[in-house]
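The first residue in the sequence is number 1, and the count goes up from there. Ligands are counted one by one from 1 in listed order, and the atoms in each one are counted from 1 as well.
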Amino acid sequence: MKFEKSKDIYEEGLKYIPGGVNSPVRAFKSVDAGPVFINKGYGNRIEDEDGNTYIDYIGSWGPAILGHSNPQLIEGIEDIIKDGLSFGLPTKVEVDMAKLIVESYPAIDMVRMVNSGTEATMSAIRVARGFTGKNKIIKFEGCYHGHSDSLLVKSGSGTITYGVPTSLGVPEEIVKNTIVCRYNDLEDIRKTFEEQGEDIAAIIVEPVAGNMGLVAAEKEFLNGLRKITKEYSSLLIFDEVITGFRIAYGGASEVYGIDPDIVCFGKIIGGGFPVGAYGGKREIMEIVSPLGGVYQAGTLSGNPLAMHMGYKNIKYLQDNKDIYEKMEKMAIKLEKGIAENIEKTGVKATIVRFKNMLTLFFGEGPFKNYDDVQRCDTNMYAKYFREMLNRGIMLPPAQFECMFLSTAFNDEDLDYTIKANLESLEKIK
Ligand SMILES: *Cc1c(COP(=O)(O)O)cnc(C)c1O
């Protein structure tokens, strides 16, 4: 496979964009490769600037759940564009979109549209603080909630750990209000609440973590979070930026049967456009300006084109809920095939699946938290990634990410992937 054009574009990009890319993972640094520049996508295929095609397991990190340039989605898009792109005034489709989300998630009575997942979680935390009148928040090590200051935090040393910034430019005074706990560890949460529960505005959690590789929460863990936040009048925020409308139509809230106070969305709900949203119980959301005192705004929030595309995406999912079972079946087939290959080759690896999301960890499970996944061999993943890339398969360019399926996959694609997986494992073992 040749990557000449991608290389040229990358070199040019390096002059004008930090690292040549607009989001760090795209630089392919953690798989010791250069970035591949994509030219187009259709179905579950993407094509790069050199004309190489790949089966795409990134799917724009989730949004392409119906495949790239799905004809049903893009039909009529020109008519929408012709009517004007943005007004800074309200449009009907924003109300349609909000209604659709509210009807889909029992926990949500009202919802605000924003432009990214980062904005959604950042705003949700402001709302939680404004509503409870408390300042501290809890996040879990290994969960990612976008790049706002108070969430760019990892745990420091000590049992009940105050956050340490994971980025330059984040003041310690800000992350002092972020407490970092261990995922799937209720004991850690209990201790934290016993000591400072009165000051905790909210827990924010990925109910199925997709940003340390795939690590699903145990049901008792999420139930425990729900219980303890109620006890202390703190809010429970589900970050469903990945899982919303993905692992089930009603996301993790539906799968686990839990009623969070605020839910955050992104990725899928834009259908490929930059969209995020946060919604929750009426009495909580009524604190958002202009009804209440929590300020949050956006020039392009609820942008008509983005809303139309997002609405179509979600509406399709609502009208075709059988796709969730179909995607899970495909994921199970992939899981089984890869597990057999691991067995055959004796490579120290574990395939983890939850619904239609998967991660191949180069290490031995169980994987319940950030410490567990940190024991994986990221060099092995890098080698594996490059072998698969050369066989025309685009995996996430980092060990601690997930593979995403879409409705555009078929059995042949999966068989080919399983075969390529066997060859690649053989080669790197
Ligand atoms: C991607 C992601 C975000 C951030 O969304 P952006 O649109 O990239 O800002 C937040 N939370 C989770 C769980 C995510 O996966």
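Checking each of Val127, Val263, Thr121 against Tyr278 for a side chain to side chain contact (heavy atoms under 4.5 Å, CB included) leaves exactly one that passes, namely Val127.
Considering backbone and side-chain N/O atoms, His145 never comes within less than 3.5 Å of an N/O atom of ligand 1.
Near Asp239, with a cut-off below 4.0 Å to any heavy atom, the atoms of ligand 1 are 10 (C), 11 (N), 12 (C), 13 (C). Close approach of ligand 1 to Lys267 (heavy-atom distance below 4.0 Å) involves ligand atoms 1 (C), 2 (C), 3 (C), 14 (C), 15 (O). Distances below 4.0 Å separate heavy atoms of Glu206 from the following atoms of ligand 1: 13 (C). Near Ile242, meaning under 4.0 Å from any of its heavy atoms, are these atoms of ligand 1: 15 (O). Numbered from 1 in the order shown, with element, the atoms of ligand 1 that lie under 4.0 Å from a heavy atom of Ser116 read 7 (O), 9 (O). Atoms of ligand 1 found under 4.0 Å from any heavy atom of Thr118, numbered from 1 in the order shown, are 4 (C), 5 (O), 6 (P), 9 (O).
Ring pair Trp61/Phe404 is perpendicular by interplanar angle, where above 60° counts as perpendicular and below 30° as parallel. The aromatic rings of Tyr10 and Phe37 are tilted relative to each other, their planes meeting at an angle between 30° and 60°.
Side chain of Ser30 to backbone of Pro397: a donor-acceptor contact under 3.5 angstrom is found.
Across all their heavy atoms, Asn313 and Pro63 have their closest contact at ND2-O, 3.8 Å.
Judged purely by distance below 3.5 Å, without hydrogens or angles, the side chains of Tyr256 and Asn223 never pair a donor atom with an acceptor atom.
At the top of the distance list for atom 7 (O) of ligand 1, counting protein heavy atoms only, stands Gly117 N, 2.9 Å.
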